[in-house]
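Only one structure is covered here, and it is reproduced in the block below.
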2 protein chains.
Amino acid sequence: MTLQAQPELTKNQSLVFSALNRADGPLTAYAILDELRAEGFRAPLQVYRALERLQAYGLVHRLESLNAFVACSHPQCAHQESAAFAICEKCGQVAEFSPGRATDALKAWATQTGFALTNTTIELRGMCRLCSGAPAPCA
Amino acid sequence: MTLQAQPELTKNQSLVFSALNRADGPLTAYAILDELRAEGFRAPLQVYRALERLQAYGLVHRLESLNAFVACSHPQCAHQESAAFAICEKCGQVAEFSPGRATDALKAWATQTGFALTNTTIELRGMCRLCSGAPAPCA
DNA sequence: CCGCCAGACGTTATCTTATTACGTTATAGG
DNA sequence: CCTATAACGTAATAAGATAACGTCTGGCGG
């Protein structure tokens, strides 16, 4: 993970970040580009460069299984712990959560195996509660 | 996951599967295509169609973070449980393992949240024991 | 003040990955 | 035999990502 300190965002970085925050789901790089043509964006690289920095700052996550990006849902701060995502295949909503116990189990495997872990990707596919019509949990 | 029953493999499926088995690491679809030009493959779709079936049969896994594919390392059979992968960023080797406890934790989250889970992607990045020069585990 | 360096930026071209569209072939069941 | 279905072949194109340039700006040592 190794987060980088976060200086002021540049103009392009701010634009990309706010596009992701406006969206109610993940956006692909090209979707972001289209969003920002009005602001003067012309080429994919402008988006990819901004995304690269935003990811390094921990403000944005990449969804590998979608080739798309979301703003981190943790309020403001960059969180150290790895994130996990539940992707609804019906409505496209993505829920981010902190997979504490799962991460612990994976870390344990890594330690045991001698694998030097730097980054963990966890993505769940399925249907969210609303789309599957399941009752609310009693918790 | 929902595995499909596995009938005889077709010629193309067999060729793709054996290319993946020959390889000592993950292959991209286009790398497979190049491998198989000698056998008459001409177009990406021949590879993608075969991969789709092989994945459905549980014989092949897709590595989302690499856009690449590996043969399942479980001896013969299609295993029901989800698989996890540890990808060495130095040597490119991929280790497949069964993340039992991690999966349990994720299932528990899903149950609690009302998320109807169909598929789980777990991919670890880092350096394998050999590349990081770590000592062998004492286990 | 000047010159230089590093970081962000802009632009074009290109590469890689994946899919759409459409027609053909092989085959099992009625 | 006839037809439905699954696999296949081919071409074209969409979608995602990067390489290789050059420019501009702001900070800093001389």
Side-chain angles (χ1 to χ4, degrees), chain A residues 4-20 23 25-57 59-70 87 89 92 94 121 123 125, chain B residues 4-20 23 25-57 59-70 87 89 92 94 121 123 125:
Chain A
Q4 285 177 24
Q6 173 193 342
E8 290 289 294
L9 295 185
T10 68
K11 185 179 171 199
N12 283 4
Q13 286 159 20
S14 300
L15 286 167
V16 168
F17 190 42
S18 66
L20 283 172
L27 293 179
T28 67
Y30 279 72
I32 295 170
L33 175 56
D34 288 339
E35 279 288 306
L36 296 179
R37 285 195 193 279
E39 330 292 332
F41 273 47
R42 313 290 307 277
L45 211 47
Q46 299 177 283
V47 176
Y48 283 111
R49 288 205 270 231
L51 285 171
E52 192 176 342
R53 292 322 185 89
L54 292 168
Q55 285 179 262
Y57 301 153
L59 297 175
V60 161
H61 299 290
R62 177 188 172 85
L63 298 171
E64 300 287 354
S65 65
L66 292 177
N67 295 328
F69 302 84
V70 285
I87 300 164
E89 297 189 300
V94 171
T121 297
E123 296 178 19
R125 298 306 205 91
Chain B
Q4 284 178 26
Q6 173 194 344
E8 289 289 293
L9 295 186
T10 67
K11 185 179 172 199
N12 284 4
Q13 286 160 21
S14 300
L15 286 167
V16 168
F17 190 42
S18 64
L20 283 172
L27 294 179
T28 66
Y30 280 71
I32 295 170
L33 175 57
D34 288 339
E35 279 289 305
L36 296 179
R37 284 194 193 280
E39 330 293 332
F41 272 48
R42 312 292 305 278
L45 209 48
Q46 297 177 284
V47 175
Y48 283 110
R49 288 205 271 231
L51 285 172
E52 191 176 344
R53 292 322 184 92
L54 292 168
Q55 285 179 262
Y57 301 153
L59 297 174
V60 161
H61 299 291
R62 177 188 173 87
L63 297 172
E64 300 287 354
S65 64
L66 292 177
N67 295 328
F69 303 84
V70 284
I87 300 165
E89 296 190 302
V94 171
T121 297
E123 295 179 18
R125 297 306 205 94

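Every chain is numbered from 1, with letters handed out A, B, ... down the list of sequences.
Across the protein-nucleic acid pair, A:Ile32 atom CD1 and D:dA15 atom P stand 16 Å apart, rounded to whole Å. The CG-C1' distance, from A:Leu15 to C:dA8, rounds to 14 Å in whole Å. Summarising the geometry, the separation between CZ on A:Phe41 and P on C:dT12 is reported as 16 Å, rounded to the nearest angstrom. Rounded to whole Å, atom C1' of C:dT17 lies 15 Å from atom CG of B:Leu27. Residue B:Glu8 contributes atom CD, which lies 16 Å from atom C1' of C:dA26 at whole-angstrom precision. What separates NZ of B:Lys11 from P of D:dG9 is a distance of 8 Å, to the nearest Å. Here the P atom of nucleotide C:dC9 and the CZ atom of A:Arg53 are 9 Å apart, to the nearest Å. Across the protein-nucleic acid pair, A:Asn12 atom CG and D:dT25 atom P stand 14 Å apart, rounded to whole Å.
For the pair A:Glu35 (side chain) and A:Ile32 (backbone), a donor-acceptor distance under 3.5 Å is absent. The backbone N or O of A:Ser65 sits less than 3.5 Å from a side-chain atom of A:Arg125, completing a donor-acceptor pair. Side chain of B:Gln46 to backbone of B:Ala43: a donor-acceptor contact under 3.5 angstrom is found.
Note on A:Thr10: every side-chain N or O is 4.0 Å or more away from OP1 and OP2 of C:dG7. Using a 4.0 Å cut-off, some side-chain N or O of B:Gln46 falls inside it from OP1 or OP2 of D:dG9.
Salt bridge present: B:Glu64 and B:Arg62 bring a charged side-chain N and a carboxylate O closer than 4.0 Å.
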Taking protein heavy atoms under 4.0 Å as touching, what does nucleotides 18-24 of chain C look like 5' to 3' if B marks base contact, S marks sugar-phosphate-only contact and - marks none?
-> BBBB---

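Residues B:Leu63 and B:Phe69 fail the side-chain proximity criterion, which asks for heavy atoms closer than 4.5 Å.
Counting non-hydrogen atoms of neighbouring residues, nucleotides and ligands closer than 6.0 angstrom, the CD atom of A:Glu39 exceeds 12 such neighbours.
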